[in-house]
Amino acid sequence: MSTNYMKTLLNPRMKAFSDTEKIIAKHFVKLGIEVANKTLSTLSQDIGFSEATIFKFVKKIGFDGFQSFKISVASNYNQKDDRRHDLTVFSDITKNDSSYVIAQKVVHSSKELLENMIQSLDETLLNKALELIYPARFLHFFGQGASSVIALDGYHKFMRSTFQCNYIMDYHMQLSYATKLGKEDCVFLFSHSGETIETIEIAKILKAHDVKIIFLTGNPSSEIVSLADVSFVVYSEESAFRSETLTSRILYLTIIDILYVNTMYHNEEQNKNSLEHIRDALSITKTGG
């Protein structure tokens, strides 16, 4: 169980912890899997220490951030245990629920996902990604399967900016196109599992050609993380009818939204002009346009 994982992770270091760190560690051991259902804000209220103090503790025990720590806890949870004891925010909807109750649960689930993400979003990482985007001449969006849908959404958004953008669905064409990219290109790669062979092979080609890579995944151990310049790792949990990929979708879309809005305000006037040109062009598709 995750409680044993926490003991294995924290108990050997307990003597070396400060008094404050010992309190945090013991609380984590007590929570076990429930840590993955907590935000820095709620932990701060529960323990009585600042969010910054808890965040520093997580960094001290070897994690890049609070999000990667929660992912590690969740991935080490014994799946043979009662599945219904999963994170409460992701508890399955039952057939006895009314349509409105189902709506409430779905919205609540998405709200909790987003709140957890913003608590763990690293501003340094965010700025690093933006520093790759701003000087790029071309932005490209690649993914396979469900990740290809997210890539298409990213392409659709950034096409409104001043950037030249590209989206390719076919894997063979992605491979071929990747060989033509270079230092002036920035590629968004999407793979929730982080183990999609096609995406890994594309990442290798891009890396060999010094292409800037921004990677969005749910797997901090993915080989692509070591190949990418910036990696955003999101945590999500599946229930009976909502797979991890589907629940994480809203997180990936939100990260893209965050990067897009920052980009549009970075070069505001030029981006406004680009957006107006697109709106003018699309006006012929509307009645009365």
Side-chain angles (χ1 to χ4, degrees), residues 1-79 81 86-87 89 112-113 115-129 132 189 191-195 200 203 207 213-237 244 248 251-252 255:
M1 293 174 60
S2 61
T3 304
N4 292 332
Y5 168 69
M6 296 292 259
K7 287 180 178 178
T8 301
L9 177 68
L10 299 174
N11 284 359
R13 313 183 192 195
M14 201 68 74
K15 291 182 179 180
F17 289 153
S18 67
D19 290 342
T20 296
E21 290 166 347
K22 286 178 181 176
I23 294 172
I24 298 173
K26 289 177 180 178
H27 188 69
F28 281 3
V29 169
K30 180 181 178 181
L31 285 174
I33 184 62
E34 293 303 320
V35 169
N37 196 33
K38 295 284 187 177
T39 65
L40 281 173
S41 177
T42 56
L43 282 172
S44 175
Q45 294 173 11
D46 292 344
I47 308 174
F49 295 129
S50 69
E51 294 179 27
T53 299
I54 298 170
F55 184 80
K56 287 178 182 177
F57 173 76
V58 170
K59 295 275 283 187
K60 181 174 181 176
I61 60 177
F63 295 91
D64 293 332
F66 188 62
Q67 189 79 342
S68 60
F69 168 66
K70 293 202 296 182
I71 291 170
S72 180
V73 172
S75 64
N76 281 278
Y77 179 58
N78 188 347
Q79 297 297 332
D81 287 337
D86 235 339
L87 310 186
V89 63
E112 289 291 325
L113 280 168
E115 286 179 350
N116 285 338
M117 186 190 75
I118 197 61
Q119 290 290 340
S120 59
L121 192 61
D122 188 331
E123 185 175 2
T124 301
L125 190 67
L126 187 62
N127 289 335
K128 187 176 179 181
L132 296 179
L189 285 182
S191 174
H192 184 65
S193 70
E195 298 175 350
I200 293 173
K207 185 68 174 179
I213 302 173
I214 298 175
F215 180 43
L216 283 78
T217 185
N219 180 5
S221 301
S222 170
E223 181 180 355
I224 304 176
V225 171
S226 63
L227 297 171
D229 296 276
V230 172
S231 294
F232 291 97
V233 181
V234 305
Y235 170 75
S236 64
E237 185 61 62
E244 261 190 291
S248 62
L251 302 182
Y252 294 134
I255 290 173

Is any side-chain heavy atom of Val225 closer than 4.5 Å to a side-chain heavy atom of Ser231?
-> yes

Looking at OG1 of Thr53 and CG of Leu40, how far apart are the two atoms once the value is rounded to the nearest 0.5 Å?
-> 10.5 Å

Separation between CG of Leu31 and CG of Asn37, rounded to the nearest 0.5 Å = 10.0 Å

Drop me the distance from Gln45's CD to Glu51's CD, to the nearest 0.5 angstrom.
-> 8.5 Å

Separation between NZ of Lys207 and CG of Leu227, rounded to the nearest 0.5 Å | 6.5 Å

Say you draw a straight line from NZ of Lys22 to CG of Leu10; how long is it, rounded to the nearest 0.5 Å?
-> 13.0 Å

From Ile24 atom CD1 to Asp46 atom CG, the distance as rounded to the nearest 0.5 Å = 12.0 Å

Which atoms form the tightest heavy-atom contact between Tyr252 and Gly218, and what is the distance?
-> OH-N, 3.1 Å

What's the shortest heavy-atom distance between Ala203 and Ile213, and which atoms?
-> O-CD1, 3.9 Å

Between Leu43 and Phe28 the two heavy atoms that sit nearest each other are CD1-CE1, 3.9 Å

Check: Gln67 and Phe232 side chains under 4.5 Å, non-hydrogen atoms | no

Does Asp64 have any salt bridge (Lys or Arg N to Asp or Glu O under 4.0 Å) partners at least two apart in sequence or in another chain, and if so, which?
-> none

Minimal non-hydrogen separation, Val35 against Phe66, with atom names = O-CZ, 4.5 Å

Taking the side chain as every heavy atom from C-beta outward, state whether Phe63 and Pro220 have any pair of such atoms under 4.5 Å apart.
-> no

Flag side-chain contact, heavy atom, 4.5 Å: Lys128 against Asp122 = no

Donor-acceptor contact below 3.5 Å, side chain Thr217 vs main chain Ser191 = yes

Looking at Phe17 and Ala25, what are the two nearest heavy atoms and their distance?
-> CE1-CB, 3.8 Å

Lys56/Glu21 under side-chain contact (heavy atoms from CB on, under 4.5 Å): CA gap, chis, key distance, verdict | CA-CA 10 Å; Lys56 287 178 182 177; Glu21 290 166 347; over 6 Å; no

Pairwise side-chain contact, Thr20 with Ile23, heavy-atom cut-off 4.5 Å (strictly under) = no

Evaluation steps, side-chain contact (heavy atoms from CB on, under 4.5 Å), between Ser68 and Val233 = CA-CA 7 Å; Ser68 60; Val233 181; 5.7 Å; no

Below 4.5 Å, heavy atoms only, C-beta onward: do Ile54 and Ser44 meet side chain to side chain?
-> yes

Determine whether Lys38 and Lys70 make a side-chain contact, defined as any pair of heavy atoms from C-beta on separated by less than 4.5 Å.
-> no

Indicate yes or no: at least one non-hydrogen side-chain atom of Leu125 is less than 4.5 angstrom from one of Val230.
-> yes

For Thr39, the side-chain contact (heavy atoms from CB on, under 4.5 Å) test, sequence neighbours excluded, returns Ser41, Thr42, Asn116, Gln119

At their closest point, which heavy atom of Ile200 faces which heavy atom of Gly194, and how far apart are they?
-> CD1-O, 4.0 Å

is_close_aromatic(Phe57, Phe49), centroid dist under 6.0 Å = no

